[in-house]
Structures are given as C-alpha cells and as structure tokens.
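A quick write-up on the structure given underneath.
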Amino acid sequence: RRAFLPRGSTVMHNPGNLRQHGFSLIEMIVAITVLGILSAAAAVFLRGPITSYFDTGRRADLADAGMLAMAKLTQDVSRAVPGSPTVTPVGGGYQLRFQLRPPAPASTPTQLILYRCDPAARTLRRNGILLADGIATCPLPRLLAASGGQAQLVSLLISFDNQGNRLNLAQTIRVEP
C-alpha cells in the first residue's frame with residue numbers, strides 16, 4: 001500500500017530497519033585504550049629531555065647569579081682602600097668589611113662596605129641588601145700581602161646550590177695601593 005504525499009515531503013522510515021553508521025562503544029573503548037598506551041610510552045621517552053631542559057635552565061640561572069655576585073665583589077674589593085679589608089667569622093659564614101676608595105676627585109669621603117655571607121640563611125648581602133641567594137658554603141676569605149707589601153690580595157670562594165646543581169666560584173682580587 002502506498003500513501004500519497006505532497007511533493008517535497010519525506011517519508012519516515014522505521015528505525016529498526018535502518019543500519020546504524022558510526023563507532024560502537026567497544027570500538028571507542030579500544031581506541032581510547034590504545035591512545036592511552038601510546039601516550040604513556042611517549043611520556044617515558046620525553047621525560048628525560050624535559051628534565052634536562054629544566055636542569056639546564058636552573059644551572060644557567062645559578063651561574064648568572066653567581067657570576068653577578070662575584071663580579072660585584074671583585075669590583076668593590078679591587079677599589080678598597082689598601083689595608084682596610086677585614087674578615088670576621090659570623091656563624092658558619094663571615095663578614096668582609098672594607099672602606100671603598102672614592103672616585104677620582106678625592107673630595108668625597110670613603111664609603112664603608114660590608115659583605116655578609118650566611119650559609120644558614122643561604123644568602124650573600126652587600127650592606128644589608130640581598131646580592132645572591134642559594135649559598136651552600138662560604139669559607140673565610142684569605143687576606144694576603146702581595147710581594148713587596150705594595151698590594152693586598154683577597155682570596156674568595158663561594159659555593160652556590162640550587163636543587164642539586166652546585167657551582168663553586170673562586171676569585172683572587174688584588175687591592176691596589
């Protein structure tokens with residue numbers, strides 16, 4: 001039996017007679033499981049390079065901070081008034097105190113500079129201002145007289161530590177007369 005329908009209208013089919021198109025639930029679960037296994041395998045292979053990338057960044061930050069601190073120390077100590085550097089042990093660290101030589105017109109007074117290396121607080125401070133953190137050890141600087149007694153040498157060693165990355169910086173600075 002045929003029913004007459006107006007032109008342009010569609011006939012509704014019985015859903016039980018149609019074949020379904022798409023994925024079944026089983027196919028979807030299998031695809032998700034395979035994707036999970038591949039993702040876990042990729043994560044194992046990518047963990048090393050990603051860890052190395054972040055370790056390299058931490059080492060670079062540590063080196064930058066250490067070199068900046070040592071450069072400032074070197075600049076200040078090399079401009080110290082001869083004979084003025086003194087070292088005082090404080091806790092597990094030290095205080096390095098000296099008079100900073102004024103610039104060329106000597107009309108300005110000398111400036112007192114105080115460096116404090118405190119491994120307990122993991123800091124290096126210049127006149128109370130934080131210069132570097134992450135200090136692991138800072139043995140006492142050695143003050144030595146140079147040949148002929150004309151100059152003084154200050155020998156420094158500072159160790160920095162950042163999440164297992166260690167950086168040791170050593171510097172011998174000449175205080176000119």
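If you're wondering where the values come from, they're calculated on a predicted model, not measured in any experiment.
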* To do: Count the heavy atoms belonging to other residues, nucleotides or ligands that lie under 6.0 Å from CZ of R97, then report whether that count exceeds 12.
  => no
* Is there a donor-acceptor contact under 3.5 Å linking the side chains of Q99 and T110? -> yes
* **More than 12 heavy atoms of other groups within 6.0 Å of R166 CZ** => yes
* Mind checking whether D118 and R125 have side chains closer than 4.5 Å, heavy atoms only? -> no
* Under the 3.5 angstrom rule, does the side chain of R101 hit a backbone N or O of V81 as a donor-acceptor pair? -> no
* same_hphob_cluster(L157, F98) at 4.5 Å side-chain heavy-atom cutoff -> no
* Distance (rounded to the nearest 0.5 Å) between L62 CG and L167 CG -> 5.0 Å
* Using the side-chain contact (heavy atoms from CB on, under 4.5 Å) rule, pick out the option among T86, L114, V77 that qualifies with L96. => V77
* Donor-acceptor under 3.5 Å (Q152 side chain, G83 main chain) -> yes
* Basic-acidic side-chain contact under 4.0 Å: D61, R58 -> no
* Between L46 and F54, is there a shared hydrophobic cluster once you connect ILVMFWY residues whose side-chain heavy atoms come closer than 4.5 Å? -> yes
* To do: Find out if a path of hydrophobic residues (ILVMFWY) with successive side-chain heavy-atom gaps under 4.5 Å connects I32 to L35.
  => no
* Asked: What's the spacing between L25 CG and E27 CD if we round to 0.5 Å?
  -> 10.0 Å
* Candidates T172, I173, T74 - the one meeting side-chain contact (heavy atoms from CB on, under 4.5 Å) with L156 -> I173
* Calculate, to the nearest 0.5 Å, the distance between atoms CG and NZ belonging to L124 and K72 respectively. => 12.0 Å
* Please lay out, stage by stage, how C117 and I135 fare under the test side chain to side chain contact (heavy atoms under 4.5 Å, CB included). => CA-CA 8 Å; C117 188; I135 303 291; 3.8 Å; yes
* So L131 and Y115, side chain to side chain contact (heavy atoms under 4.5 Å, CB included) or not? Walk me through it. -> CA-CA 9 Å; L131 185 61; Y115 278 92; 3.6 Å; yes
* Structure fact -> Minimal heavy-atom distance between G93 and C138, with the atoms involved, is CA-SG, 4.1 Å
* Asked: Which atom pair, heavy atoms only, marks the closest approach of A132 to A69?
  -> CB-CB, 3.9 Å
* **Cluster overlap V90 with Y94, hydrophobic side-chain contacts below 4.5 Å** => no
* To do: Give a yes-or-no answer on whether the side chains of S159 and N168 include a donor-acceptor pair shorter than 3.5 Å.
  => yes
* To do: Answer with yes or no whether the hydrophobic clustering places M67 together with V154; edges join I, L, V, M, F, W, Y residues whose side-chain heavy atoms lie under 4.5 Å apart.
  => yes
* To do: Taking side chain to side chain contact (heavy atoms under 4.5 Å, CB included) as the test, write out the residues that go with R122, two or more places apart.
  => D161
